[in-house]
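Only one structure is covered here, and it is reproduced in the block below.
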There are 2 protein chains.
Amino acid sequence: MANLDADAAATVAATLQALATPSRLLILTQLRQGPRAVTELAEAVGMEQSAVSHQLRLLRNLGLVTGTRQGRSIVYSLYDTHVAQLLDEAVYHVEHLRLGLVDRPDRAG
Amino acid sequence: MANLDADAAATVAATLQALATPSRLLILTQLRQGPRAVTELAEAVGMEQSAVSHQLRLLRNLGLVTGTRQGRSIVYSLYDTHVAQLLDEAVYHVEHLRLGLVDRPDRAG
DNA sequence: GGAATAGATGAAGACATGTTCATCTGTTCT
DNA sequence: AGAACAGATGAACATGTCTTCATCTATTCC
């Protein structure tokens, strides 16, 4: 079970922040479907090339994606299956949480 | 597999942001171990009562925790098993990602 | 070599976020 | 009712984050 000290919490938080923004989630779910070049990604998710590049750098630094040059393109992929699973499970649980969210009373007000 | 449109991405991102901060992760992992009153939480994670309260409100609004009054205390718990599992899986995957992060070359520079 | 394509990057600005401080509500106990 | 305890809340401030803009590097093709 999850039991964190302050350091571990900081580490986990830093990585989860990668999944905490719509733009990065869209990028990651594209990559979940297969390798993609930067321009492809930009078009697929409706962002500018520069914005995508910035987010990819962040994801790279966190070790979630890798890019390899192929001709003039750089093709990105998810780093490993942990990333894919984390993504899948996060989406799954959040969507199931949403089902229970309709009009839940706020018992603490 | 995870396949999101822009709306779903925003929803998922909003919820995952709850797990993207050390303070909230610490609060949630405390609750993962069992129900806790606000003051207990504050002491356990080393935050001020007010800060904890603010974060609990956020978590409440996202439907991740609930609080019920018990005497003068308000005792918080995780909302359901989805929250617990999401937390466990997130920590698990992130920690396993970290193992592979030592000196990984940045193929895209 | 020069033009065109594909990405990366730094700076800047707008916006969001997290904490603290002071204060307010609600509960218990005498 | 009054004091003490437990939380919630709004304002304010500092910090972080995301996007855009302009520009830079690297690769391909003529």
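Labels below follow one simple rule: chain letters A, B, ... track the order of the sequence lines, proteins then strands, and each chain is numbered from 1.
When the nucleotides D/dA8, C/dG7, C/dT9 are ranked by their closest atom to the side chain of A/Arg60, C/dT9 comes out on top. Among D/dC18, C/dG7, C/dA22, the nucleotide with an atom closest to any side-chain atom of B/Ser50 is C/dA22. If you check D/dG7, C/dA8, C/dT17 against the side chain of B/Gln17, the one that comes closest is C/dT17. The side chain of A/Arg72 has D/dC29 as its nearest neighbour among D/dC5, C/dA8, D/dC29. Among the nucleotides D/dC29, D/dG7, C/dG7, the one closest to any side-chain atom of B/Thr39 is D/dG7. Nearest to the side-chain atoms of B/Gln55 among the listed nucleotides C/dT19, C/dA8, D/dG7 stands C/dT19. Of the candidates C/dT17, D/dA8, C/dG7, the closest approach to any side-chain atom of B/Gln49 belongs to D/dA8.
Side chains of A/Tyr76 and A/Arg60: a donor-acceptor N/O pair is present below 3.5 angstrom, by distance only.
For A/Ser23 against D/dC18, no side-chain N or O and base N or O form a donor-acceptor pair under 3.5 Å.
Between A/Val75 and A/Pro35, the shortest heavy-atom contact is CG1-CB, 3.5 Å. Heavy-atom minimum distance, A/Leu62 versus A/Ala18: CD1-CB, 3.5 Å. Summarising the geometry of A/Leu26 relative to B/Asp5, their closest heavy-atom pair is CD2-O, 4.1 Å, with the distance given to 0.1 Å.
A straight line from CG of B/Leu26 to C1' of C/dG18 spans 14 Å, rounded to a whole angstrom. Rounded to whole angstrom, the span from the CD1 atom of A/Ile27 across to the C1' atom of C/dG7 amounts to 13 Å. The interatomic distance linking A/Ile74 (CD1) with C/dT9 (C1') rounds to 13 Å, in whole Å. We find that CG of A/Leu58 is positioned 14 Å from C1' of C/dA8, with the value rounded to whole Å. Atom CZ of A/Arg69 and atom C1' of C/dA8 are 10 Å apart (whole Å). To the nearest angstrom, P of D/dA6 lies 11 Å from CD of B/Glu40. Per the geometry, OH belonging to A/Tyr76 stands 4 Å off P belonging to C/dA8, to the nearest Å. One atom, CG of A/Asn61, and another, P of C/dA8, lie 12 Å apart when rounded to the nearest Å.
Phosphate contact (OP1/OP2 of D/dG7, side-chain N/O of B/Ser73, threshold under 4.0 Å): present. Taking side-chain N and O atoms only, B/Arg24 has a distance below 4.0 Å to OP1 or OP2 of C/dG18. Contact between the side-chain N/O atoms of A/Arg57 and the OP1/OP2 oxygens of C/dG10 is found at a separation under 4.0 Å. Neither OP1 nor OP2 of C/dT17 sits under 4.0 Å from any side-chain N or O of B/Thr21.
You'll find the side chain of B/Thr21 reaches within 4.5 Å of the side chain of B/Arg24, heavy atoms only.
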**Q.** Working for side-chain contact (heavy atoms from CB on, under 4.5 Å), residues B/Leu59 and B/Ile27
**A.** CA-CA 10 Å; B/Leu59 294 172; B/Ile27 290 173; 4.2 Å; yes

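Stacking of B/His54 onto the six-membered ring of C/dT19 is not present when judged by under 5.5 angstrom between centres and under 30° between planes.
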